[in-house]
A.B. asks: 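One structure coming up, written as C-alpha cells, with questions to follow.
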Amino acid sequence: MQITVRAPASTSNLGPGFDIFGLALSLYSVFTFERSEALQISGCPEAFQNEDNLVLQGFREIFREAGQTPFPVKLHIDAEVPVARGLGSSSTCIAAGAAAANAFLGSPFAKDELFQICARFEGHPDNAAPVTFGGFTASFASDERFHALRMPLDQNWKFAVIIPDYEVRTADARRAMPKEIAVKDSVFTTSHAIAMIEALRSGSEELLAEACQDVLHEPCRRKLIKDYDSVRASAKAAGAPAFFISGSGSTMIALTKSETVAERFIELVRARHPNFAGHVLHAASDGVHVETK
Ligand code: HSE
C-alpha cells in the first residue's frame with residue numbers, strides 16, 4: 001500500500017490575529033509513504049533523514065493515540081514549503097505524517113481529532129487548523145480542546161510572499177514577545193482582529209489597510225528580520241494595502257487584490273534581494289489531502 005499526502009503551506013497571525021488566524025496557501029509539499037523493513041527517508045536534506053523528522057513524529061503520534069505500535073516506513077518528501085521561514089512547515093509535516101498514519105490504520109480518527117493531535121503537538125493551533133481544514137481559520141482553546149472556525153474569505157486576495165534566504169526560529173521569535181501587555185494594546189488587537197475578519201470577508205482593501213496593524217508581536221519581531229524595513233518599503237512603493245510578517249518570520253507577505261501590485265512588490269524586493277524567493281499565492285481551499293494506492 002502506498003499513501004501519498006499533499007499538505008499546504010500556511011501563514012498565521014495575519015497582523016493582529018496572533019496565535020488565532022491561519023490561512024492555507026497554494027504552496028504544497030507532497031509526502032509518499034510505504035511500509036518498509038527499516039526507516040528510509042529521501043528527498044530532504046540529510047539532517048532530516050532520521051527518526052527526529054517531524055513527519056515521522058506526526059506519524060508516530062497517531063499510532064500512540066490509537067494504542068498501536070508504529071512500523072518503519074519508506075518516506076519520500078517533495079517539499080515546496082520551506083523550513084523555518086514562517087510558512088507553517090512544522091504543521092505541514094506533522095499533519096502529513098498524522099494523515100498518513102491515520103490512513104494506514106484504517107482512518108480511526110476524524111479530521112477534528114487529527115487537528116486536536118497536531119495542534120497539541122505544536123502547542124498552538126493557528127497553523128494546524130488551516131493545514132487540516134484549508135481556507136482562512138480562526139482558532140481558540142476551550143475546555144482543553146482546540147476549536148477551529150472556518151471564516152469566510154473573498155477569493156480575490158493575492159498573497160505576495162517574500163521568503164528571505166535566512167531563517168527565524170519560532171522559539172526565538174516567541175521569546176522576543178512581551179510577557180504582559182497593556183489593556184489599550186489588548187483593545188487595539190481585538191478590535192483590529194475583528195476588522196481584519198470583515199476586510200478579508202468583504203474584499204475591502206480600504207478596510208484591510210486600516211485593520212492590518214499589530215502592536216503585539218511585529219514591533220518586537222521585526223528586529224529579528226534584518227531586511228524587514230526594506231521589504232516593507234517595497235510593499236508601500238508597490239501600493240499594497242497590507243503587509244505583515246508570516247507567522248514568526250522570516251517570510252513577509254504583502255496582501256492585495258491586484259495581481260499587478262503583487263508582482264510589482266516581488267520585482268521591487270528581488271531587485272534589491274536577488275537571493276530571496278518570491279511567489280504570488282492564493283488561499284488554498286482544501287487542507288491535507290490523502291490518496292491511497
Ligand atoms: N503564531 C505562531 C507565532 C506561529 O507567531 O509564534 C509560528 O508557528
Side-chain angles (χ1 to χ4, degrees), residues 10-25 86-88 91 112 115 119 122-143 145-161 173-174 176-222 232 235-236 239-249 251-258 261 281-285 287:
S10 57
T11 184
S12 58
N13 302 334
L14 293 102
F18 179 74
D19 273 2
I20 302 167
F21 293 161
L23 189 141
L25 289 169
L87 286 168
S91 278
D112 191 57
F115 163 60
E122 277 228 289
H124 46 89
D126 46 334
N127 292 101
V131 172
T132 308
F133 301 109
F136 170 38
T137 54
S139 304
F140 65 103
S142 165
D143 298 331
R145 273 188 85 77
F146 290 108
H147 301 268
L149 308 176
R150 176 90 186 238
M151 309 302 286
L153 182 71
D154 185 290
Q155 293 306 311
N156 296 306
W157 292 113
K158 315 280 181 298
F159 295 81
V161 173
R174 291 183 87 81
M177 299 273 303
K179 296 280 169 289
E180 288 172 3
I181 60 160
V183 169
K184 72 171 175 25
D185 289 340
S186 168
V187 172
F188 183 101
T189 304
T190 310
S191 55
H192 282 72
I194 291 168
M196 190 73 186
I197 290 171
E198 176 55 14
L200 290 173
R201 182 202 67 77
S202 65
S204 164
E205 289 201 329
E206 291 73 26
L207 182 58
L208 182 81
E210 299 290 341
C212 193
Q213 299 183 56
D214 171 71
V215 292
L216 197 58
H217 61 107
E218 295 217 4
C220 27
R221 287 175 161 185
R222 56 193 289 175
R232 185 175 188 112
K236 191 155 194 254
F243 175 81
F244 55 86
I245 299 175
S246 181
S248 52
T251 292
M252 292 157 277
I253 297 183
L255 184 50
T256 168
K257 285 187 7 198
S258 157
V261 168
L281 303 178
H282 54 81
S285 53

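Values reported hereafter were calculated over all heavy atoms of this structure, with side chains retained and with hydrogens, waters and symmetry mates removed. For this chain, numbers begin at 1 and follow the sequence in order. Quick caveat, the model's predicted, so the values are computed rather than measured.
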A.B. asks: So do Met196 and Gln213 actually touch side chain to side chain, heavy atoms under 4.5 Å?
C.D. replies: no
A.B. asks: Any side-chain to backbone donor/acceptor pair from Glu205 onto Gly203? Under 3.5 Å, distance only.
C.D. replies: no
A.B. asks: Could you state the interatomic distance from CD (Glu218) to CE (Met252), rounded to the nearest 0.5 Å?
C.D. replies: 10.0 Å
A.B. asks: Please check: side-chain N/O of His217 versus main-chain N/O of Pro178, any donor-acceptor pairing under 3.5 Å?
C.D. replies: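 Between the backbone of Pro178 and the side chain of His217 there is no qualifying donor-acceptor contact (under 3.5 Å).
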A.B. asks: Side chains of Asp214 and Phe244, heavy atoms from C-beta outward: is any pair under 4.5 Å?
C.D. replies: no
A.B. asks: Can you tell me how far CG of Leu208 sits from CG of Leu200, rounded to the nearest 0.5 angstrom?
C.D. replies: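 These two atoms lie 6.0 Å from each other.
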A.B. asks: Using side-chain contact (heavy atoms from CB on, under 4.5 Å), reason through Ser285 and Arg150 one step at a time and then give a plain yes or no.
C.D. replies: CA-CA 10 Å; Ser285 53; Arg150 176 90 186 238; 3.9 Å; yes
A.B. asks: Got a donor-acceptor contact below 3.5 angstrom from the Thr190 side chain to the Val187 backbone?
C.D. replies: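 Checking the backbone N and O of Val187 against the side chain of Thr190, no donor-acceptor pair under 3.5 Å is found.
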A.B. asks: Can you list every side-chain hydrogen bond (donor to acceptor under 3.5 Å, both in side chains) pair that touches residues 131-140, not counting sequence neighbours?
C.D. replies: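 Of all non-adjacent pairs touching residues 131-140, none passes side-chain hydrogen bond (donor to acceptor under 3.5 Å, both in side chains).
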A.B. asks: Below 4.5 Å, heavy atoms only, C-beta onward: do Phe21 and Ile197 meet side chain to side chain?
C.D. replies: yes
A.B. asks: Does any part of the side chain of Leu149, heavy atoms only, come nearer than 4.5 Å to the side chain of Phe140, both counted from C-beta?
C.D. replies: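 SC-SC contact between Phe140 and Leu149 confirmed.
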A.B. asks: Are Phe18 and Asp126 side-chain neighbours, meaning at least one heavy-atom pair lies under 4.5 Å?
C.D. replies: no
A.B. asks: Please name the residue in the list Asn13, Leu14, Asn127 that meets the side-chain contact (heavy atoms from CB on, under 4.5 Å) test with Leu23.
C.D. replies: Leu14
A.B. asks: Rounded at 0.5 Å granularity, tell me how far NZ in Lys184 sits from OG1 in Thr189.
C.D. replies: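 Reported to 0.5 Å precision, the distance equals 10.0 Å.
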A.B. asks: Can you see which heavy atom on Pro16 is nearest to which on Cys212, and at what distance?
C.D. replies: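 Looks like CD-CA, 4.3 Å.
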A.B. asks: Would you indicate whether the side-chain heavy atoms of Asp154 and Ser202 approach each other to under 4.5 Å?
C.D. replies: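 Side-chain contact under 4.5 Å: no.
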A.B. asks: Are Trp157 and Lys257 side-chain neighbours, meaning at least one heavy-atom pair lies under 4.5 Å?
C.D. replies: yes
A.B. asks: Within this structure, what is the CZ-CZ distance for the pair Arg174 and Arg221, rounded to the nearest 0.5 Å?
C.D. replies: 6.5 Å
A.B. asks: What pair of heavy atoms forms the shortest contact from Gly247 to Thr11, and how long is it?
C.D. replies: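 In this case the closest contact between Gly247 and Thr11 is N-OG1, 4.2 Å.
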A.B. asks: For Ala24 and Gly134, work out which heavy atoms get closest and say how close.
C.D. replies: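 Smallest heavy-atom distance, with atoms named: CB-CA, 3.9 Å.
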A.B. asks: Ile253 versus Phe243: any side-chain heavy-atom pair under 4.5 Å?
C.D. replies: no
A.B. asks: Of the non-hydrogen atoms in Ala240 and Ala254, which two are nearest, and what is the gap between them?
C.D. replies: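 Distance-wise, the nearest heavy atoms are CB-CB, 3.8 Å.
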A.B. asks: Calculate, to the nearest 0.5 Å, the distance between atoms CG and CG belonging to Leu25 and Leu281 respectively.
C.D. replies: 5.5 Å
A.B. asks: As an exercise, state the distance from CZ of Phe115 to NE2 of His147, rounded to the nearest 0.5 Å.
C.D. replies: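 The distance works out to 9.0 Å.
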A.B. asks: Please give me the minimum heavy-atom distance between Leu207 and Ser204, naming the atom from each residue.
C.D. replies: N-OG, 3.0 Å
A.B. asks: Please name the pair of heavy atoms, one in Cys220 and one in Ala176, separated by the smallest distance, quoted to 0.1 Å.
C.D. replies: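 For Cys220 versus Ala176, the nearest heavy atoms are CB-O, 3.3 Å.
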